[in-house]
Amino acid sequence: MKEYIEKILGEALKRTAETEGLEVPGDIEIIVEKPKDEKLGDFSSNLAMMLARPAKKNPHELAALLAGHIAVGEGGVESASVAGPGFINITMSRGFYRDRLRQVAAQGESHGHAPARKEQKVLLEFVSANPTGPLHVGHGRGAAVGDCLGRLLKAAGYDVRTEYYVNDVGNQMNILGRSTLLRYRELLGRSAGEFPADHYQGDYITDIARDIQNKHGEEFIDRPEAEALPFFRKTAADWVLEGIKKDLREFRVDFDNWFSERTLYDDGSVNRALDWLRERGFVYDQDGAVWLKSSAFHDDKDRVVVKQSGEQTYFCSDIAYHQNKVERGFTRLIDLFGADHHGYVPRMKAVMEALGYDESVFHAILVQFVTLKRGGEKVQMSTRSGQFITLSEVVAEVGVDVARYFFLMRSSDTHLDFDLELAKQETPENPVYYIQYAHARICNIFITAEQQGVTWPAKGEVDLSLLVEDEEFTLIKKILQFPEVVEKSAQVLEVHRVPHYLHELVAVFHGYYKRHRVVTEDRERTLARLFLLDGLRITIRNGLSILGISAPEKM
RNA sequence: GCGCCUGUAGCUCAGUUGGAUAGAGCAACGGACUUCUAAUCCGUAGGUCGAAGGUUCGAAUCCUUCCAGGCGCACCA
């Protein structure tokens with residue numbers, strides 16, 4: 001749409017330059033936007049104001065010149081005018097919009113989807129929570145945003161894969177195993193005093209221990225810890241990871257790949273990455289540890305990759321992991337982090353540079369915290385004490401559609417208030433239903449039409465000239481905006497634009513519905529209006545599908 | 001102390017990367033169902049865009065300083 005207008009303006013600019021001897025800077029960018037007020041026109045451009053300075057001309061006069069060279073009457077342009085300080089406003093004809101609406105109907109599911117772009121292979125990594133406990137609400141936001149971003153990027157034509165990095169190595173896995181072992185002993189009456197504060201407190205640990213007890217009885221009760229631990233560690237980790245996978249499935253989040261950190265150690269990738277960096281002098285020994293010279297690449301300081309103990313740090317394997325991503329052919333790496341990990345971003349960028357890649361290959365998205373509320377009251381949570389609301393609890397309480405919508409409706413970089421009471425309500429306050437309701441209403445109109453014996457001719461035979469109401473064209477214009485919203489959201493990696501757009505879109509519809517009846521005696525007009533609603537229904541469906549939210553036919 | 005994020009209507013938030021008179025939802029108030037779903041619609045009211053400077057034709061948006069809140073600043077992950 002906008003590209004089309006840009007072309008029209010570009011041609012006008014060329015003609016103006018030729019006939020008026022106007023000097024145009026080579027790098028001038030034609031920006032098309034929507035006027036604040038719909039009455040001013042369908043599109044507007046500040047082109048004249050941008051040109052005013054280099055051309056040393058009055059922006060208003062320049063705008064008039066340019067507007068005069070727009071081919072009115074051709075290509076769907078109905079009028080071009082000048083307003084304000086020098087805006088050029090363009091109005092398109094109704095015929096133009098009717099044709100565009102036909103295109104939407106023809107596109108169906110692909111309306112809003114851009115053709116595949118070949119230039120980039122994107123790897124989107126998100127959640128990647130340690131498999132030491134169930135996912136909580138904060139992970140839920142990351143999961144919803146990441147999953148939606150994946151769907152969005154795919155719709156925008158990018159080649160995207162999603163991945164969950166499983167931190168199945170390291171000390172926290174030992175603590176998980178030990179926590180389970182201690183609970184197991186408690187269950188069998190062998191409590192060894194106070195449960196350690198730095199171990200995992202959650203009830204799920206006891207559940208795992210009970211599971212082991214049921215299957216293995218007292219088999220491990222007298223074994224020394226060193227001997228029993230590997231079994232407990234593995235059993236607990238598998239149990240927790242399976243739970244995470246199940247929770248995510250239920251939340252409609254499917255990863256293309258689950259990447260195990262352990263494999264990077266097993267196949268020597270970690271050591272290989274270290275050697276590679278050492279050869280190039282980006283790694284050095286000091287105080288018995290091995291450091292990455294990250295300060296040479298915009299990080300505040302150097303970072304330890306191998307501890308004095310000889311153990312590699314989490315950061316160390318992450319270097320290998322990101323190298324691995326690039327080696328798999330990905331040209332753009334997007335990582336979603338919880339806001340508490342933002343300090344990690346500069347060092348990851350440093351890693352990319354040290355590895356010889358452009359820093360811009362790596363892109364971090366920070367997802368801010370979620371404050372869970374219940375009727376305005378803050379729900380206190382603390383991971384350490386094991387008192388936290390899990391994602392699956394929230395989903396069980398409010399449903400997948402609502403939970404996803406609440407996570408997606410706000411910009412990722414603002415704190416999110418998630419009020420469970422509000423989310424549960426099935427009335428006005430809940431924006432999810434507002435959108436879904438519109439879809440259900442449209443479906444119901446089609447059922448009514450069918451019941452009244454309305455049959456569809458070939459789509460090309462529906463006479464769209466019977467669409468004459470202003471609101472019908474407002475609706476069409478809004479429908480046609482959808483591809484632009486998808487493209488822009490994908491470009492800036494901001495998913496919240498999609499729910500906002502959908503809300504605006506269906507608001508126009510709800511108003512139209514109230515004032516204009518679709519199914520009437522006038523058979524031809526009924527068909528024209530149904531045609532319009534079909535385009536709208538397609539748009540709502542495609543939009544909700546990007547959000548991973550269902551489009552119910554009945555409510 | 002240093003860094004990142006945030007500050008816009010009573011509340012929760014948008015604001016098309018510098019554009020035209022700053023918008024929506026909720027809450028408040030007043031209206032609208034004998035016709036396709038009232039989970040809806042229409043109207044009223046609500047603002048020193050945290051503060052002060054600066055940049056220019058033009059600033060909620062960019063720059064500087066300050067204030068407030070959140071989060072970081074490990075040989076944890």
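Because the structure is predicted, anything quoted here is derived from the model rather than measured. So that the names make sense, note that chain A is the first sequence line, chain B the second, and so on, each numbered from 1.
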N/O to N/O distances under 3.5 Å, protein versus nucleotides 13-15 of chain B:
residue, atom, partner, partner atom, Å
B:C13, OP1, A:His415, O, 2.9
B:C13, O2', A:Arg410, NH1, 2.5
B:A14, OP1, A:Ser411, N, 2.9
B:G15, OP1, A:His496, NE2, 3.2

Does any donor atom in the side chain of A:Gln481 or A:Tyr501 lie under 3.5 Å from an acceptor atom in the other side chain?
no

If we take the C1' atom in both B:A45 and B:A24, what is their distance in whole Å?
16 Å

Paired nucleotide for B:C71 [Watson-Crick or G-U wobble; both distances under 3.5 Å]:
B:G3

Pick base, sugar-phosphate or nothing for A:Ala440, based on heavy-atom distances below 4.0 Å to the nucleic acid.
base

At 4.0 Å (heavy atoms only), tell me whether A:Ala289 reaches a base, stays on the sugar-phosphate, or touches nothing.
base

Mind checking if A:Lys301 touches a base, just sugar-phosphate, or nothing, with heavy atoms under 4.0 Å?
sugar-phosphate

Rounding to an integer number of Å, can you tell me how far A:Asp340 CG sits from B:C73 C1'?
13 Å

Quantified in whole Å, what is the P atom distance between nucleotide B:A9 and nucleotide B:G23?
14 Å

Name every residue in residues 523-534 of chain A that has at least one heavy atom under 4.0 Å from any atom of RNA chain B, in order of residue number, or write none if there are no such residues.
none

Could you check how far CE of A:Met348 sits from P of B:A77, rounded to whole Å?
14 Å

Base, sugar-phosphate, or nothing for A:Ile447, non-hydrogen atoms under 4.0 angstrom?
nothing

Find which nucleotide of RNA chain B each of A:Lys514 and A:Gln312 is nearest to by heavy atoms, and output the residue with the more 5' nucleotide.
A:Lys514

Going by the glycosidic torsion and a 90 degree boundary from 0, is the base of B:U17 oriented syn or anti?
syn

Tell me the interatomic distance from A:Lys478, atom NZ, to B:A24, atom C1', rounded to whole angstroms.
11 Å

Determine whether any donor atom in the side chain of A:Asn89 lies under 3.5 Å from an acceptor atom in the base of B:A20, or the reverse, and answer yes or no.
yes

Minimum-distance nucleotide (side-chain atoms of A:His510 versus B:C36, B:A77, B:C41)
B:C41

Assign A:Val290 to base, sugar-phosphate, or nothing according to its heavy-atom contacts below 4.0 angstrom with the strands shown.
nothing

d(CD1, A:Ile31; P, B:G58) in whole Å:
19 Å

A:Phe369 side chain, from C-beta outward: closest of B:A38, B:C71, B:A77
B:C71

Phosphate OP1/OP2 of B:A39 contacted by A:Tyr437 side-chain N/O (<4.0 Å)
yes

At under 4.0 Å between heavy atoms, what does A:Pro346 touch on the DNA or RNA strands: base, sugar-phosphate, or nothing?
nothing

From the candidates B:U40, B:A20, B:G25, the one with an atom nearest any side-chain atom of A:His503 is B:G25

Which part of the nucleic acid does A:His516 contact within heavy-atom distance under 4.0 Å: base, sugar-phosphate only, or nothing?
base

Distance between C1' atoms of B:G25 and B:A77 (Å, rounded)
39 Å

Would you mind reading off the distance between A:Ile442 atom CD1 and B:A39 atom P, rounded to a whole angstrom?
16 Å

Does B:G18 pair with anything, Watson-Crick or G-U wobble, both distances under 3.5 Å, and if so, with which nucleotide?
none

A:Ser295 and A:Asp302: side-chain donor and acceptor closer than 3.5 Å?
yes

C1' spacing across the pair B:A59 / B:U8, given as an integer number of angstrom
14 Å

Under a plain distance cut-off of 3.5 Å, with no hydrogens placed, do A:Arg541 and A:His439 share a side-chain donor-acceptor pair?
yes

May I ask you to check whether A:Ser269 and A:Asn324 show a side-chain donor-acceptor distance below 3.5 Å?
no

Validation row: A:Leu536, A:Leu475 side chains within 4.5 angstrom (heavy atoms):
yes

Regarding A:His342, tell me which of base, sugar-phosphate or nothing describes its non-hydrogen contacts under 4.0 Å with the strands shown.
base

What is the nucleic acid contact for A:Asp299, judged by heavy atoms within less than 4.0 Å: base, sugar-phosphate only, or nothing?
nothing

Of the options B:A39, B:G19, B:C75, whose atoms approach the side-chain atoms of A:Asn46 most closely?
B:G19

Using a 4.0 Å heavy-atom cut-off across all strands, classify A:Arg515 as base, sugar-phosphate, or nothing.
sugar-phosphate

Whole-Å distance separating the CD atom of A:Glu487 from the P atom of B:U17:
12 Å

Which atom pair, heavy atoms only, marks the closest approach of A:Leu366 to A:Gly338?
CD2-O, 4.2 Å

I'd like to know whether NZ of A:Lys293 has more than 12 heavy-atom contacts from other residues, nucleotides or ligands below 6.0 angstrom.
no

Atom CD of A:Glu450 with >12 non-hydrogen neighbours under 6.0 angstrom:
no

Inspect the contact between A:Glu163 and A:Lys325 and indicate whether a charged nitrogen and a carboxylate oxygen are less than 4.0 angstrom apart.
no

Of the nucleotides B:U40, B:A24, B:C36, which has the atom closest to the A:Tyr434 side chain?
B:U40

Do you know the tightest heavy-atom contact between A:Ile244 and A:Gly133?
CD1-O, 3.8 Å

Where the side chain of A:Phe87 is defined as all heavy atoms beyond and including C-beta, which of B:A38, B:G19, B:U16 is the nearest nucleotide?
B:G19

If you count every heavy atom of other residues, nucleotides or ligands that lies below 6.0 Å from A:Glu521 atom CD, does the total exceed 12?
no

A:Gln308 near the nucleic acid: base, sugar-phosphate alone, or nothing, with a heavy-atom cut-off under 4.0 Å?
base

Using purine N1 to pyrimidine N3 plus N6-O4 or O6-N4 for Watson-Crick, or N1-O2 and O6-N3 for G-U wobble, each under 3.5 Å, what pairs with B:A24?
B:U12

Is B:C33 in the syn or the anti form, by the rule that syn lies within 90° of 0?
syn

Report the distance from atom CG of A:Leu292 to atom CZ of A:Phe297, rounding to the nearest 0.5 Å.
7.5 Å

Of A:Arg515, A:Lys514, A:Arg529, the residue whose pairing with A:Glu471 passes salt bridge (Lys or Arg N to Asp or Glu O under 4.0 Å)
A:Arg515

With both distances kept under 3.5 Å, what pairs with B:U35, Watson-Crick or G-U wobble?
none

Pick the closest RNA chain B nucleotide for A:Gln368 and for A:Ala507 by heavy atoms, then say which residue is nearer the 5' end.
A:Gln368

Taking A:Asn167's backbone N and O only, do any of them form a donor-acceptor pair with A:Asn130's side chain (distance below 3.5 Å, no angle check)?
no

Separation of B:C75 C1' from A:Leu292 CG (nearest whole Å):
14 Å

By the 4.0 Å heavy-atom rule, please label A:Asp287 as base, sugar-phosphate, or nothing.
base

Between B:A38 and A:Tyr513, is there an OP1 or OP2 to side-chain N/O distance shorter than 4.0 Å?
yes

Any strand: nucleotide that pairs with B:C62 via Watson-Crick or wobble, under 3.5 Å:
B:G54

Whole Å only: how far is the NE2 atom of A:His298 from the P atom of B:C4?
14 Å

